[in-house]
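Have a look at the structure below, then the notes.
Naming: A, B, ... by sequence-line order, numbering from 1 per chain. Computed from heavy atoms alone, side chains included, the values below leave out hydrogens, waters and symmetry copies. Predicted, not measured: the structure shown is a model, and the values here were computed from it.
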2 protein chains.
Amino acid sequence: MRVSTDRRTLLADAAIGVLADAGMRGLTHRAVDRAAQLPPGTTSAYYRTRQALLTALVRRLVALDQAELQEIGARTPPLRSAGEVVRGLVAFTAARLTGDGRRRSLARYACAVESARHPELREILVPRENLARQALCDFLAAQGVADPEERTVTLLTCVDGLVFDRLVNGGSVAEEELRGLVTAALR
Amino acid sequence: MRVSTDRRTLLADAAIGVLADAGMRGLTHRAVDRAAQLPPGTTSAYYRTRQALLTALVRRLVALDQAELQEIGARTPPLRSAGEVVRGLVAFTAARLTGDGRRRSLARYACAVESARHPELREILVPRENLARQALCDFLAAQGVADPEERTVTLLTCVDGLVFDRLVNGGSVAEEELRGLVTAALR
DNA sequence: ACGGTACTTCTACAGGTGTAGAAGTACCGG
DNA sequence: CCGGTACTTCTACACCTGTAGAAGTACCGT
């Protein structure tokens, strides 16, 4: 049994694109075939049920996000000032709102909505530890914040809210807005 | 031409329920018929295209939200302290996370995601003036905040982010979190 | 009472969708 | 060279969906 993990990943990536471009309703086996430029029936062969396809999509999405966040965290020196944190968040939000990051964000929020009804998806989507998050948490702890973990969660959830809004209504997340949130986290 | 606006509203309400319970993929003419307990074909007769159904759904959703916010604003005396604002937001978020408010929230976020791809929906969903929002904005202005409108938008967007998170992952929005956001808005 | 109008219900149908399994192809060990 | 295994592609089909229009029903003014 030599599993061609490449094909499966390719299809999962294509599925993310389809979800971003056509929504949950447009996410079908055949649409993924077309997006991946593979013969019709391919997606159905690798992910026989739609549920399997969606699960693979979500797993891939989380893997991509996690890889990105690990990378950001890895190349970020320990955060020393609120200004540095704000700059980091500006870059982060911008990446989620443009180009490929935007499509992934669209897919992510669509999955998040879906996961409210599907515990098995929620389990995969649940926020995980990663170096970027850790860097932020460490910063809050170093600044003497009492509950750095909780504050990190709240801060990132609010940032997510801003990203979601801009994703839908356009525009970008302003430095000013992020400064406010970071200040609140430090309060 | 005597239009039975009742039937249309009834169907739009049923559609909101279907969307909340079954997602965008489950939102079909026949599913709305069933949810409304009306003979099959009814929804299709009143909203011939799916697009028409979705548009009516979104309009109804906005009307319900707007009515709720006007009512909240109308019975709220002018806000005098951050504590009052926080209490108001606690009640507001709780209402969006339980019972019927929860279902409406699920539908709203699903529509928001959809509207990222559909300008005509976005136009209907765009945040509107209402008495509750006005009360918050007035409070910020009275506290000497420079850009009360912008701060109001940012604050409510962050609150929306918190609600979205709890909607998916469970739990409620803590007073502590809201206090942080309000403090940030006043900063 | 009755004809007409507007509303309601039913039926049809051309696609699309999920899923299964058959047919085809490539490639490795011998 | 060849048989077999695993991967790939094709085909089938039952069901669902969007949409149209016909048939049926209620109710109003006259």
* **Nearest-Å distance for atom pair CG/P, residues B:Leu27 and D:dT17** => 11 Å

* **Between CG on residue B:Leu89 and CG on residue B:Leu178, distance to nearest 0.5 Å** => 5.5 Å

* Asked: Is there side-chain contact between A:Tyr109 and A:Val163, with heavy atoms separated by less than 4.5 Å?
  -> yes

* Structure fact -> Between CE of A:Met24 and C1' of C:dT17 the distance, given in whole Å, is 16 Å

* To do: Using whole Å, report how far CZ of A:Arg50 lies from P of C:dA20.
  => 15 Å

* Looking at A:Arg25, does any N or O in its side chain come under 4.0 Å of the phosphate oxygens OP1/OP2 on D:dC16? -> no

* Got a donor-acceptor contact below 3.5 angstrom from the A:Gln143 side chain to the A:Ser81 backbone? -> no

* Starting from P on C:dT9, measure out to CD on B:Gln37 and report it in whole angstrom. => 13 Å

* Can you check the B:Leu54 CG to D:dG18 P distance for me, whole Å? -> 11 Å

* Asked: With sequence neighbours left out, which residue pairs that include part of residues 51-60 of chain A fulfil the side-chain hydrogen bond (donor to acceptor under 3.5 Å, both in side chains) condition?
  -> A:Asp13-A:Arg60, A:Gln51-A:Thr55, A:Gln51-A:Glu120

* To do: Please say whether more than 12 non-hydrogen atoms of neighbouring residues, nucleotides or ligands are located less than 6.0 Å from CZ in B:Arg80.
  => no

* State whether A:Glu176 and A:Arg179 are salt-bridged, where the test is any N-O pair (Lys NZ or Arg NE/NH1/NH2 against Asp/Glu carboxylate O) under 4.0 Å. => yes

* Asked: How long is the line joining CD of B:Gln51 and P of D:dT19, in whole Å?
  -> 9 Å

* May I have the distance from A:Leu38 (atom CG) to D:dT9 (atom P), rounded to whole angstrom? => 7 Å

* Think B:His29 has a side-chain N or O under 4.0 angstrom from the OP1 or OP2 of D:dT17? -> no

* To do: In whole angstrom, give the distance that lies between atom CG of A:Asp33 and atom P of C:dT17.
  => 11 Å

* Can you tell me the Watson-Crick or wobble partner of D:dA23, both distances under 3.5 angstrom? -> C:dT8

* More than 12 foreign heavy atoms under 6.0 Å from CD of B:Glu150: is that the case here? -> no

Check: protein-nucleotides 10-13 of chain C nitrogen or oxygen pairs below 3.5 Å:
none

